[in-house]
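Beneath this line is the structure, given in structure tokens, with notes to follow.
Order of appearance sets the numbers: ligands from 1, and atoms from 1 within every ligand. Since this is a predicted model, take the numbers as computed values, not measurements. The figures that follow rest on heavy atoms only: side chains count, while hydrogens, waters and symmetry mates do not.
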Amino acid sequence: MFSMAAVFRTPGAPLTIERIALDAPGPTEVLVRIAAVGLCRTDYHVMRGERRVAMQPMVLGHEAAGVVENVGTQVLGIGVGDHVVLTFIPGCGRCRWCRRGLHHLCAEGPRITQGPQLDGSYRRRDLDGRAVGAFCMIGAFSERTVVDQASVVVVDPDIPFDLAALVACGVPAGVGAARHRARVRPGERVLVVGCGGDGMNVVQGARLAGASMIIAADLVPAKLAWARGFGATHAVNAEGAALTSEVLALTDGVGVDHAFVCIDPPATLLPAFRATAKAGNVVITALTPDTVTDIKIPPLELFVTQKAIMGAVYGFASPRMQIPDLLRLYRKGDLKLKELITRTYALEEINHGYADLEAGKNIRGVVVF
Ligand code: CXF
Ligand code: ZN
């Protein structure tokens with residue numbers, strides 16, 4: 001069959017809207033009609049050549065929800081008509097991590113920027129017959145996609161697709177960073193640097209965890225205002241040393257218990273580190289361009305302050321656990337999802353959507369089909 005898709009061909013150039021050929025699912029795969037896909041900054045890093053992927057052309061898009069239209073002969077527990085959320089790291093089920101329920105650490109994770117399916121072959125071709133990759137083994141900027149069952153989580157059909165898509169990446173990444181990585185406790189103080197798709201969800205994760213002070217930091221005033229709606233108690237419009245001193249001033253000179261670096265890690269890490277209390281946590285949730293190879297923290301400062309610097313991909317917990325858990329919280333009214341969507345776009349408008357992201361206009365733009 002054929003599918004319209006937004007294809008990454010050249011770093012620095014817009015995505016091209018093309019008709020691609022899509023093969024039928026293999027034995028362990030499913031065909032999914034994509035209903036909604038979020039415009040996450042990770043795809044934008046790839047578009048700009050800041051995060052290299054192994055091949056072009058490639059269909060990007062990894063924050064998606066849709067409906068299953070066909071299943072391979074060996075697929076278990078997923079049926080035609082099921083509503084599904086796709087996970088940007090597959091859970092192979094066999095590696096040492098998946099066997100412990102830690103699918104966010106799946107041994108296949110490092111292959112998600114390569115292009116082929118989980119089984120190493122391709123399901124997409126362009127109209128010249130050239131193999132087309134699928135980013136994160138998903139390739140969701142497309143009307144339809146074929147993914148391994150390892151990338152699929154079935155969800156309740158009453159959840160609107162645009163909201164279901166959000167729990168595929170930004171929401172678990174941010175909420176999970178607060179709950180599962182830093183393990184924010186009631187009464188603790190939190191700093192969130194960068195209030196985009198990830199950061200806004202760290203804010204709501206910290207609120208869910210009972211933080212007493214949530215300081216949102218961003219250079220876009222509108223994002224600070226939005227952050228208050230998600231639970232931020234304080235807002236700081238500053239970067240660098242000014243960011244550090246404003247946070248210290250708000251915390252009796254002590255600093256926060258947990259700082260989350262949700263944007264631009266090379267520039268924001270040291271100011272966030274210095275705004276963190278002794279023995280506190282500094283959590284990196286944001287992607288760094290490939291060209292950035294070092295972090296600048298004086299080792300003596302790290303030693304004497306006894307802080308921990310940690311990474312959190314996918315919110316440091318299995319998406320198979322988090323996706324249903326987050327949707328339960330949404331249903332109870334404890335988790336905001338609708339409010340994360342600033343604007344929706346048609347597939348043909350996807351480059352416009354990324355221009356809006358770049359301009360700081362969106363928490364999340366979502367392509368709806
Ligand atoms: C990313 C995490 C790092 C590898 C590519 C996918 N996740 C989502 O934005
Ligand atoms: Zn993402």
Side-chain angles (χ1 to χ4, degrees), residues 6 8 11 15 34 36-55 58-65 85-91 97 102-116 118 133-141 145 147 150-151 153 162-177 180-181 194 196-202 205 260-265 283-290 292 310-319 322-323 326 337 340-341 350 353-354 357-358 362-367:
F8 169 62
L15 300 177
I34 300 292
V37 53
L39 303 183
C40 172
R41 191 176 287 272
T42 296
D43 304 287
Y44 190 57
H45 281 301
V46 174
M47 286 165 64
R48 304 224 304 185
E50 292 161 356
R51 178 73 189 85
R52 272 186 297 274
V53 290
M55 67 177 289
M58 186 181 275
V59 180
L60 305 183
H62 64 276
E63 187 180 79
V85 167
L86 305 181
T87 65
F88 69 79
I89 294 177
W97 311 106
L102 306 172
H103 303 96
H104 57 298
L105 298 172
C106 176
E108 302 289 354
R111 288 178 48 215
I112 64 176
T113 54
Q114 297 296 301
L118 186 60
F135 185 52
C136 296
M137 300 181 180
I138 288 179
F141 290 159
T145 191
V147 301
S151 307
V153 173
D162 52 347
L163 307 185
L166 301 180
V167 297
C169 180
V171 178
V175 173
H180 306 303
R181 192 44 161 149
D198 272 2
M200 210 61 88
N201 284 301
V202 174
F260 296 85
V261 175
C262 305
I263 190 83
D264 210 3
V283 184
I284 299 177
T285 73
L287 208 68
T288 312
D290 295 339
V292 178
M310 47 182 76
V313 173
Y314 235 143
F316 203 62
S318 169
Q322 287 190 84
I323 289 168
L326 291 164
L337 292 179
L340 290 166
I341 300 178
I350 192 162
Y354 273 114
L357 177 83
E358 171 74 52
N362 289 355
I363 307 177
R364 255 314 184 254
V366 177
V367 168

*Option among I350, D43, I138 that satisfies the side-chain contact (heavy atoms from CB on, under 4.5 Å) test with L60*: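 Among I350, D43, I138, the one meeting side-chain contact (heavy atoms from CB on, under 4.5 Å) with L60 is D43.
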*Decide, yes or no, whether a salt bridge links R48 with E358 under the criterion of side-chain N to carboxylate O below 4.0 Å.*
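Yes.
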*asked:* Could you walk me through whether T87 and V153 satisfy the side-chain contact (heavy atoms from CB on, under 4.5 Å) test, starting with their C-alpha distance in whole Å, then the side-chain angles of each, then the deciding distance to 0.1 Å, before giving a yes or no?
replied: CA-CA 7 Å; T87 65; V153 173; 3.7 Å; yes
*Once you round to the nearest 0.5 Å, how far does CE of M47 lie from CE of M58?*
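If we round to the nearest 0.5 Å, M47:CE and M58:CE are 14.0 Å apart.
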Counting distance only, does the side-chain N/O of [X] pair as donor-acceptor with the main-chain N or O of [Y] below 3.5 Å?
X	Y	result
D162	A36	no
R111	L118	yes
Q322	A317	yes

*Could you pull out the N/O/S protein atoms under 2.8 Å of the Zn ion (ligand 2), ignoring any water?*
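Checking every protein N, O and S atom gives C40 SG, H62 NE2, C169 SG.
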_F135 vs T42 side-chain heavy atoms within contact, under 4.5 Å_ =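 When only atoms from C-beta onward are counted, T42 and F135 do touch, with a gap below 4.5 Å.
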_Using a 4.0 Å cut-off on heavy atoms, what residues surround ligand 1? Order them by chain and number._
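Protein residues near ligand 1 are C40, T42, H62, F88, I112, C169, L287.
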*How are the rings of Y314 and F88 set relative to one another: parallel (under 30°), tilted (30 to 60°) or perpendicular (over 60°)?*
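Because their plane-to-plane angle is under 30°, the rings of Y314 and F88 count as parallel.
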